[in-house]
Structures are given as C-alpha cells and as structure tokens.
Amino acid sequence: MVRTRFAPSPTGYLHIGGVRTALFNWLFARRHGGQFLLRIDDTDAERNVESALAPILHGFKWLGLDWDEGPEVGGPYEPYYQSKRLPQYQAAVDKLLAAGLAYRDYATTEEIQAERETAQAEKRPFLYSRRWMAETSQQSADFESEGRQSVVRLKMPREGTLVLDDLVRGRVEFEWAREQDHVIQRADGTCLYHLASVVDDYDFKITHVIRAEEHLSNTPRQVFIAQSLGYELPQYAHLPYVAEPGSKNKLSKRKLDKYLKNRDFALVNEHGMAIAQQLGLATSADTFNPVIVDFYEQVGYLPQAIINYLVLLGWSLDDKTEFMDLAMLVENFSLERVTKAPASFDPKKLWAFQDHYMQALPIKQRVATMLGYLQRAGLVPKPTPCEVGPKLTRIIEAAGDRLKVFGDILAYADFFFQDEISYDEKAFEKHLSKPESRALLAKFRDALAKVEPYDVPNLEKLLHDFVASEGIKTGDIIHAVRVATTGKPVGPGLYDCLEILGKETCLKRIDAALAKAVD
RNA sequence: GGCCCCGUCGUCUAGCCUGGUCUAGGACACCGGCCUUUCACGCCGAUAACACGGGUUCAAAUCCCGUCGGGGUCACCA
C-alpha cells in the first residue's frame, strides 16, 4: 500500500511551490491506489494553528486535492499535528540515547560557533569536537554543576558512505564524515524537525517521501535517525524545486519585489490587484500575490488550470500532450518522468491554461460564478432581481473569450449595471473632442432613436447605412458611439453593447457625452 | 568555501537509459502578417536551443573524461 504525505507548516497561506509538491504526492498515491495524508508541521509555531491552517486546507479543497488522513478527517494514527506528538518524539530520543546513537551535549551555542569559525579559518570542514558530550550520568552531573544545560545531538558516524537510491535522481552518495552532529532536542525538551519528521513518517507508515530537492542534503541525517531507530526506510524522491520567473533560483515568497520586475509576473499581479480592489479585498503583498495559491482563487482562476500548469512544471506525459485533468493525470502520473532540473514559474503560461479552461467552461457556470463577483463588487444588488440573469448571460456571451478569469467580468460589465459611467479620458479626447465628431454623433443619435426593434441586426444595418449616406468610414463614427455609451475604448462588439444597454440608455448616454464634450 | 544536485529555443519540455529515423519535435511568450468596429479570439509565418573541450565510434544531443556555468544545502527553522 502506497502512502504519501504533504506536511505544511501552518503559516496562513499555500505557496505555489508547495502545492506542486503536494500535487505530485497526491498523484503518486492515487496512481497506485494508495493514500495521501496531511500532517501539520507545527513543532515550532505556537501561534493560533487553527486559523493559520484554515486557508491552507481551503486551498487543497479548492484544487480538488483530498486527503485520506489528517486534520478535519482524522485517521487511525491520530493526532496528525506534530505539536501533539511530543511523547512519541521523546520516546525516540530516549531510545537513541540508550543505544548510544545520540548524546547529551553541554556546549553553549557560542562554543559551537567558535569551533565552527576556527575550522573555517583553517579551511577545513567543521566537525564538532564533542568536547561537552556527556555519555554517562557522572559526566552530565559534572557539566550541570557548572550550570550548563544540555541539548541532545545525533552521534553521527565519522566514516563510511551512504548510498541512496532516489526515485528521481538515481544513485546519490554521501560521506558520513561530512555530516554534523545535529541537534534533535532542545534544552526545553522540544524536538526538532528532522527527528519529528522521521518518527512521524514511520508511525504514519509513509512508504514514499516525495519532497523538494532542498531536502536532499537533509536526507543522510534522517536516514541515520531512521536506521538507528530500527525503522525500515521509506523510498525517497526528490523533486526539482520551482524556480523564480526567468531564473534558476528557488521561488520564495519573500522576494516579491524582485519578481515584480519581471514583466509577465508584474502583468499578472496588476491584473489580479485591480480585481481584488474592486472586490474590496485586502491586497497586502504578504498574503496576496501570484506566489500564493489563494491569489488565483480570489481573482477567479480555475483550479484545473492551476493543476494542469503545475503538473507540467517538472513532469510531462509525452512530447505533445498538454491538457490533462486530474483523472487523466491519475492514470498516467509516474515519478520516472519527473525532470531533474528546476523549472521556473511562468505566469504567462499559467494564463494560457487558464484561458483554455475558461473558454471550455459551460456558460451557465460562468454566469453563476461571475454573478457572485458582481454582487461582491456592489454592481448588482444582493437579492438579485430576476432580470439580471438573462442580461448577464447576454453580456457574457457578448464578451466571449475576452473574459479570462471570473474577475474580468467586473471590467467588462460595470457599465451595463451602473447609471453613471466614467469615461476613459484618452479615448474621450480622441473620439469626442472634435466638433465634427460631435456633429456626426448627434446625427447618429437621432437615427438611433428611430431603430425598431432595437437589436443587433438592425443596429448593424443602421450603422452601415449611416456610414454610406454620410460618405464616411466606419471608424469615423463607431468609436465615438462606443466611448459615449460604454465609456471605454475597448469591449465586446458594439452592436451587442447597444442592444443590451437598450435604446433609452444609449440615447441618454450619448446626450450626456455630447453635453460633457461641450464643456 | 565543503558537500550534493543540475545544464536541449527567452520559458516549460520531448528526445538521452536501448548512439543513426534529430539539417533536434511540441507548447507558452515574443516578432511580422491576415481577419476585424475596438479589444480578445482565430489563422498564417518568422526568429530561436543540444554550455564548452577532448575522447570512443563509420556515426554522439544521446556513451566516457575534463572544464565551465547555475542552483541547493551547510541552524537549538521547517
């Protein structure tokens, strides 16, 4: 039975690189009919775990990545929170101590630091002298009489080689002598990540540890812990990490300023920001940016687009297949086809997947979700009048593939629902400032008043006739009409706009624009 | 700096294990054009990569060695 896990720290948000790792774990488990679990790595954080965890769990649900054991769902090996598993860790530490594979160390951090610096000055690799190592209770007592406190360190082997068969990277070797005597328990009794992680993976019967490459160098100490405790080793698979846009550096949430200098990243960020602001969402850079999964949900991306894009960051089915849903991925995923080199995050390519899936989404679903966005932005009243439904459907049909994310409806439909519109200044200046443009528009307005029924075919015919009889080009009038009625230089087809707006509104807006132009 | 990993178009990748079918395929982006009432879409086209140097071989992106480059990691963080 294959069992994999993803172990987030409750920080309050889900990192894009983290989901990618989680996705591979999930896929591998599902592919082999196994289980995927969530374990919460909160050994260090004493913060409000529940509230910091909620957004993370929400992200998983949104993406459709379910977990068989873990928070909310429980499971046979509860609890799945490291903060609640101290007794298990303590038992492991005791066992290691008893076996002489770990020891109490009474050195101060300063003393260790001094040794490290000496080694560095002498250009030799640092290895702790074990000077304050206590292996008997007499030694402990002596050091304690000096007022020293102890931590527990691993007594790492100082010779030999560790050979690891990594499922992604193949055979990797490490010299044991290069490994430090890592601390596994602090003076206050709390345990550190590596110890906790190894104990948990064993207790939870994890068969495959699939994680990002930055953990590769941590593996020897974990193997040592596991072997010392008599555990059977899990299989390891170290995934290449997700890199910054346009570079090979690891993607980090802390370097946002730098990413914003990347053109594509900045574009996607700005687009999302604009939508968030109309929705009245908090947009502090810490919690709302394209490195965090929540950003995409809020702005109105589709989970299948995120999944599809992310899985291709380090994995491929073959030389041409690009669109795959979760079910298809479950059937085909394999660790053997995972790439070894890091892959940089390309927001534009994600955008392309988003475009594809949005256009494939049935109109009904688009209408239902976009209605929610309009409500939240205050463009449509909360108990929504029933005539809004058909109108919105028409708008969305007219806007067509211009709507890339759900939030785009805000920019494409605002003028359909507002009484007063604002004008794009440049466009207004360009198409409505000249006296001859205004004269034409006034004339067109009168012709518009006579159209009956007021629909797309008639409007199109009217404009063509108007252009012919006036001896002008289409462009000489159509832009002025668009700006006057919608306030914008771009948008859905003009005839659609006019019809949806209705004759009365169109005439009123043209009059208002004409009046404003005279000022 | 030590250790470890990695190195095919700007980006994601296929090909590498099992040398020849690779004058290196696809996708995204970019550029040009067509379509067009704007924008978007669509269509057509173009530019663009085997890090370098040796070797093995009739033949190397593919095998071997070296060099260079990039990254990760070296915590009483996870």
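Order of the sequence lines fixes the chain letters, A, B, ..., with proteins taken first and strands second; residue numbering starts at 1 for each chain.
- Rounded to a whole angstrom, the distance from the P atom of B:G66 to that of B:C6 is 15 Å.
- At the heavy-atom level, A:L494 lies under 4.0 Å from base atoms of the strands shown.
- Judged purely by distance below 3.5 Å, without hydrogens or angles, the side chains of A:D200 and A:S197 never pair a donor atom with an acceptor atom.
- When the C1' atom is compared between B:A49 and B:C17, the two are found 22 Å apart, to the nearest whole Å.
- Within 4.0 Å of A:A107, counting heavy atoms only, lies at least one base atom of the nucleic acid.
- Across B:A78, B:A40, B:U37, the shortest atom-to-atom separation from the side chain of A:K404 is found for B:A40.
- When the P atom of B:U37 is taken as reference, atom CG of A:L440 falls 18 Å away, rounded to whole Å.
- Closest-nucleotide positions on RNA chain B for A:E214 and A:G246 were compared, and the one nearer the 5' end corresponds to A:G246.
- The base-pairing partner of B:G69, taking Watson-Crick or G-U wobble contacts with both distances under 3.5 Å, is B:C6.
- Nearest nucleotide to the A:D401 side chain, out of B:U37, B:U13, B:A40: B:A40.
- Looking only at distances, a side-chain donor or acceptor of A:D42 sits under 3.5 Å from a matching main-chain atom of A:S83.
- With B:A78, B:A14, B:U37 as the candidates, the nucleotide lying closest to the side chain of A:R337 is B:A14.
- Across B:U37, B:C76, B:A78, the shortest atom-to-atom separation from the side chain of A:Q82 is found for B:A78.
- A:R402 contributes a side-chain N or O that forms a donor-acceptor pair with the base of B:U38 under 3.5 Å.
- Taking only side-chain nitrogens and oxygens, A:K250 comes nearer than 4.0 Å to OP1 or OP2 of B:U73.
- Among the atoms of the strands shown, none is found under 4.0 Å from any heavy atom of A:H182.
- An OP1 or OP2 oxygen of B:C12 is reached within less than 4.0 angstrom by a side-chain nitrogen or oxygen of A:S344.
- Comparing the P positions of B:G10 and B:A48 gives an interatomic distance of 10 Å, to the nearest angstrom.
- In this structure, B:A14 makes no Watson-Crick or G-U wobble pair, since no nucleotide meets both defining distances under 3.5 angstrom.
- Counting heavy atoms from C-beta on, the side chains of A:Y80 and A:I40 never come closer than 4.5 Å.
- Across all strands shown, A:G491 has heavy atoms under 4.0 Å from base atoms, whether or not it also approaches the sugar-phosphate.
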Taking only N/O atoms, report every protein-nucleotides 25-29 of chain B pair under 3.5 Å with atom names and distance.
| unit_1 | atom_1 | unit_2 | atom_2 | d |
| --- | --- | --- | --- | --- |
| B:G25 | N2 | A:D319 | O | 3.3 |
| B:A27 | O2' | A:E322 | OE1 | 2.9 |
| B:A27 | N3 | A:K349 | NZ | 3.1 |

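- Rounded to whole Å, atom P of B:A78 lies 11 Å from atom CG of A:L195.
- A:N218 contributes a side-chain N or O that forms a donor-acceptor pair with the base of B:A78 under 3.5 Å.
- Regarding A:E122, its CD atom lies at a distance of 14 Å from the C1' atom of B:G1, rounded to whole Å.
- Between the side chain of A:H194 and the base of B:A78, at least one donor-acceptor pair of N or O atoms lies under 3.5 Å.
- At whole-Å resolution of the value, CH2 in A:W315 and P in B:G15 are 12 Å apart.
- Side-chain atoms of A:V151 lie closest to B:C76 of the nucleotides B:U73, B:C76, B:C39.
- At a threshold of 4.0 angstrom between heavy atoms, the contacts of A:T109 include nucleobase atoms, whether or not backbone atoms are also involved.
- Under the Watson-Crick or G-U wobble criterion, with both distances below 3.5 Å, B:C74 is paired with B:G1.
- When rounded to the nearest whole Å, the span between CD1 of A:I40 and P of B:C77 equals 20 Å.
- Phosphate proximity of B:U13 to A:T339: present, with a side-chain N or O under 4.0 Å from OP1 or OP2.
- Comparing the C1' positions of B:A51 and B:C9 gives an interatomic distance of 14 Å, to the nearest angstrom.
- Pair assignment for B:A24 gives none, since no Watson-Crick or G-U wobble pairing has each distance under 3.5 Å.
- Panel note: side chain A:K488, backbone A:A411; a donor-acceptor pair is recorded below 3.5 Å.
- The backbone N or O of A:D346 sits nowhere less than 3.5 Å from a side-chain atom of A:D264 that would complete a donor-acceptor pair.
- For B:U18 and B:C12, the P atoms lie 28 Å apart once the distance is rounded to whole Å.
- Within the 4.0 angstrom heavy-atom criterion, no nucleotide atom of any strand lies near A:Q359.
- Classification of the A:F353-A:Y309 ring pair by plane angle, with boundaries at 30° and 60°, yields tilted.
- Rounded to an integer number of Å, the gap from A:E499 CD to B:U37 P is 19 Å.
- Distance from the side chain of A:Y495 is smallest to B:U37 among B:U37, B:C12, B:C6.
- Across all strands shown, A:D188 has no heavy atoms under 4.0 Å from either base or sugar-phosphate atoms.
- Note that CZ of A:R221 and CZ of A:F224 are 12.5 Å apart. Values are rounded to the nearest 0.5 Å.
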Practice item. Go through A:R394 and A:D496 one step at a time and tell me if the salt bridge (charged side-chain N to carboxylate O under 4.0 Å, His left out) criterion holds. Key: CA-CA 8 Å; A:R394 273 290 282 126; A:D496 286 308; 3.4 Å; yes
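- Comparing B:A27 with B:A14, their C1' atoms are spaced 11 Å from each other, to the whole Å.
- Side-chain contact between A:Q222 and A:L195 is absent, with no heavy-atom pair separated by less than 4.5 Å.
- Distance check on atom C1': B:U21 versus B:U11 gives 29 Å, rounded to whole Å.
- When the nucleotides B:C76, B:U38, B:C5 are ranked by their closest atom to the side chain of A:V172, B:C5 comes out on top.
- Checking A:R153 against A:H182 by side-chain atom types alone, no donor-acceptor pair falls below 3.5 Å.
- Considering only side-chain atoms of A:R178, the nucleotide from B:C41, B:G2, B:U13 that sits closest is B:G2.
- Between the C1' atom of B:C76 and the CZ atom of A:R221 lies a distance of 12 Å, rounded to the nearest Å.
- For A:R116, taking side-chain heavy atoms from C-beta onward, the closest of the listed nucleotides B:A40, B:A78, B:A75 is B:A75.
- Here the side chain of A:W315 pairs a donor or acceptor atom with the backbone of A:S334 at under 3.5 angstrom.
- No contact: A:P240 has no heavy atom under 4.0 Å from any strand.
- Base-pair partner of B:C34: B:G42 (Watson-Crick or G-U wobble, both distances under 3.5 Å).
- A:G493 comes within 4.0 angstrom of a base, heavy atoms only.
- Where A:C191 and A:Q180 meet RNA chain B, the nucleotide closest to each residue was compared, and A:Q180 sits on the side nearer the 5' end.
- For the atom pair CE (A:M156) and CZ (A:R130), the distance works out to 9.5 Å, reported to the nearest 0.5 Å.
- As rounded to the nearest Å, B:C16 and B:A61 have P atoms that lie 14 Å from one another.
- Comparing B:C77, B:C6, B:G2 against the side chain of A:P342 picks out B:C6 as the nearest.
- Taking only side-chain nitrogens and oxygens, A:K340 never comes nearer than 4.0 Å to OP1 or OP2 of B:G70.
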